[in-house]
Amino acid sequence: MGIWIINSKLLNEQNEQIAAKIYIEEGKIARIITGGSAEDGGQTEGHEVIDAQGKLAAPGLIDMHVHLREPGFEYKETIATGTRSAARGGFTTIACMPNTRPVIDTPKTVHFVKEKAEQEGIVNVITYASITKNELGRELTDFAALRDAGAFAFTDDGVGVQSAQMMKDAMAKAASLGMPIIAHCEDNTLVEGAPVTDGAFARKHGLKGIPNESEAIHVGRDILLAEATGVHYHVCHVSTEQSIRLIRQAKQLGIKVTAEVCPHHLVLSDEDIPGLDANWKMNPPLRSPRDVQACIEALEDGTIDIIVTDHAPHSEEEKAKGMQAAPFGIVGFETAFPLLYTKFVLTGRWTLSFLLDKMTRKPAEVFGLAQGTLAEGAPADLVLIDLNKEQVVDPAQFLSKGRNTPFTGWSLQGWPAATIVNGKVVWSE
Ligand code: DOR
């Protein structure tokens with residue numbers, strides 16, 4: 001027995017929504033019927049039937065940058081709660097960052113995360129391992145052993161690798177294994193405990209600022225190292241026009257560089273921060289309106305390849321410590337799609353196909369995943385989205401343990417209604 005999804009819509013290549021009926025069997029998409037024949041109810045007898053009531057069926061969203069906090073910070077999030085939050089946001093594959101405690105820097109920790117994800121997770125979880133032991137930047141981890149344990153790529157996300165020699169060695173090693181290096185770009189000597197971007201907001205509140213160069217210096221350094229080593233180099237959460245300039249040039253030169261951007265860096269600038277509320281504090285910080293424009297244009301012209309949330313849950317007590325002392329990070333799973341749909345698709349700036357591409361097909365292509373497509377034979381990972389549903393963001397409803405979002409009270413449209421992973425409905429409203 002399989003599952004028929006009836007009365008759904010698919011986006012065709014012309015960005016038109018067409019009637020569709022989808023048959024799922026043994027975890028795969030077995031048949032897709034579109035157009036007039038999709039309305040005939042014939043084949044569904046003897047199978048489970050999901051009536052999509054006109055909702056859009058899209059490939060499950062993919063998020064290549066998330067913090068699940070397990071092991072070590074279970075009070076912020078667990079694999080169980082984080083994957084439920086992801087499912088509610090329409091995500092079916094997520095890649096978790098290694099800045100846990102212990103850091104994911106040994107095969108044992110990789111195994112722990114993989115096993116936990118299989119037992120308690122409800123979406124596909126793939127895991128990064130760290131570049132350096134304990135993310136301290138002093139000694140490389142054992143890349144081959146981590147790969148054999150199941151890590152798919154390496155990053156010290158949360159901190160930048162400060163030593164150029166360490167980064168070069170890491171890239172050479174990763175290149176020899178055919179694996180990518182993913183970099184959190186931040187030069188610590190330019191940051192010195194600043195909580196927000198160097199700009200109007202910092203000046204107004206007498207706070208130290210994180211300058212754009214602290215990100216771009218690492219991007220420039222790493223592009224040169226990627227050119228020298230031939231590694232696939234992927235830049236985390238790009239936030240500045242200077243980084244974009246460097247990535248654009250590197251791509252023109254044929255250097256193997258890819259990049260990601262977060263919804264908040266496409267929608268908010270430091271001018272939007274209402275006051276000293278740490279729910280607006282993340283790293284990289286909200287930048288100037290000019291940087292926001294540069295990020296949007298870079299995504300549009302392909303300089304930036306994909307959208308990621310950087311889902312970074314923290315407890316309410318931690319976030320209540322104020323702008324200076326609270327940790328960096330905001331949650332992202334449960335607002336990402338409706339936020340971008342409302343701000344960019346409903347306003348006519350992007351097509352729906354464009355947005356979905358950056359959250360499905362493109363991340364799969366960049367990291368060589370089988371997911372990201374809604375086609376016969378592909379994994380049955382999909383999301384049904386109610387494009388007409390309007391809802392106000394209410395963190396109290398989040399399935400994440402984290403409530404730390406700047407989008408509280410925003411009225412957004414286009415909410416996921418059901419999420420299917422490997423042919424099983426894992427979440428529905
Ligand atoms: O805002 C952030 N939060 N940026 C990071 O780089 C790390 C993350 C976290 O782990 O909380």
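All values below were derived from every heavy atom in this structure, side-chain atoms included, with hydrogens, water molecules and symmetry-related copies excluded. Along the sequence shown, residues carry numbers from 1. One-based numbering, in listed order, for ligands and for the atoms of each.
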What about the rings of H218 and H184, do their centers lie closer together than 6.0 Å? no

Quick one: do the H311 and D63 side chains pair a donor with an acceptor below 3.5 Å? no

If you measure only the distance, is there a donor-acceptor pair under 3.5 Å linking the side chains of T141 and D105? no

Polar contact flag, side-chain donor to acceptor under 3.5 angstrom, Y75-E317: no

Before we go on, tell me: are the rings of F367 and H234 under 6.0 Å apart, centre to centre? yes

Residues in the immediate environment of ligand 1 (any heavy atom closer than 4.0 angstrom): H67, R69, N99, G158, H184, H237, M282, N283, D310, A312, H314, F328, G329

Any side-chain donor near an acceptor of the partner, Q413 and T342, under 3.5 Å: no

